[in-house]
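Just so it is clear, the structure is predicted and the values come from calculations on it, not from any experiment. Atoms considered below: every heavy atom in the structure, side chains included; atoms not considered: hydrogens, waters and symmetry mates.
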Amino acid sequence: MKNVILRRAEESDISEIYEHLHRDYVKKYFAENENREWENHKKWYKFLINSPYFLLYILEDLDGKFLGQLKFELDGETAIVSIYMSKSGRGLGMGKKAILKGMKELTLSCENIEIVLAYILEENEASIKTFEKAGFLFEKIEEYQGIEHLLYVKKLKS
């Protein structure tokens, strides 16, 4: 199992995030509007990186190779976590490590966070297993962003 490095995202990472995580989707579903989608992507990630309501991390291996991203959306005492692994980063057992390192960083950056939520699509078995291995517990089925998700919860403080 490889090790994973977690570092705060910077604006210089935006093109690599796009290339590894979004470009294939855009080419498949928005080929005629790829330039517009790229511009939207840049604006969104600039917002995420500079917003006090989000923590965005880049996941890399020890050689600096891009593996994915980890994002926390901050809302009072709650954070919503999401992880996206690149194709080359999947199946290597690094998701759990990234989530645990990210939660450690979260508690250092935001001492008020008491609970972390993960909304996972039912068919995403890899994410379900990864979050369970990271100590998240299934709570209920809940609509999130207009789609039914499995809600997994991890309490940081009792």
4.5 Å side-chain heavy-atom contact, T78 and I115: yes
Interatomic distance, K104 atom NZ to L108 atom CG [nearest 0.5 angstrom]: 7.0 Å
Atom of L74, atom of C110 and distance for their closest heavy-atom approach: CD1-SG, 3.7 Å
same_hphob_cluster(L156, I99) at 4.5 Å side-chain heavy-atom cutoff: yes
Any donor-acceptor pair under 3.5 Å from S86 side chain to L67 backbone: yes
Connected via hydrophobic side-chain network under 4.5 Å: L151 and I113: no
Shared hydrophobic cluster, F47 / Y53 (ILVMFWY, side-chain heavy atoms < 4.5 Å): yes
Shared-cluster residues of I147, by chain and number - hydrophobic side chains joined below 4.5 Å: L121
Sub-4.5 Å side-chain heavy-atom contact between I80 and D75: no
Pair listing, ring pair (Phe, Tyr, Trp, His ring centres under 6.0 Å) test, anchored in residues 101-120, at least two apart: Y119-Y144
Partners meeting side-chain contact (heavy atoms from CB on, under 4.5 Å) with E39 (sequence neighbours left out): K42
Main-chain N/O of L48 paired with K71 side-chain donor or acceptor, under 3.5 Å: no
CD1 on I83 to CZ on F72, rounded to 0.5 Å: 9.0 Å
Reported CD1-to-CD1 distance for the pair I17 and I49, which is rounded to 0.5 angstrom: 5.5 Å
Joint cluster assignment, Y45 & F66, ILVMFWY side-chain distance < 4.5 Å: yes
Side-chain heavy atoms of I14 within contact of H41, under 4.5 Å: yes
N3 side chain reached by K101 side chain, heavy atoms, under 4.5 Å: yes
Contacts table for residues 5-12: side-chain donor-acceptor under 3.5 angstrom, sequence neighbours left out:
unit_1, atom_1, unit_2, atom_2, d
R7, NE, E60, OE1, 3.4
R7, NE, E60, OE2, 3.2
R7, NH1, D13, OD2, 2.9
R7, NH2, D13, OD1, 2.7
R7, NH2, E60, OE2, 3.1
E11, OE2, N50, ND2, 2.9

Hydrophobic cluster identity match, V116 and I128, side-chain contacts under 4.5 Å: yes
Residue list, side-chain contact (heavy atoms from CB on, under 4.5 Å) with A118, at least two apart or on another chain: V81, I120, F131, F136, Y152
Distance in Å, H149 NE2 paired with E122 CD, rounded so as to fall on 0.5 Å steps: 11.0 Å
Partner set under side-chain contact (heavy atoms from CB on, under 4.5 Å) for L100, not counting sequence neighbours: K96, A134
Reported CD-to-CD distance for the pair Q69 and E16, which is rounded to 0.5 angstrom: 11.5 Å
Check: D63 main-chain N/O paired with D61 side-chain donor or acceptor under 3.5 Å: yes
Main-chain N/O of L106 paired to S109 side chain as donor or acceptor, under 3.5 Å: no
Separation between CG of L150 and NZ of K140, rounded to the nearest 0.5 Å: 12.5 Å
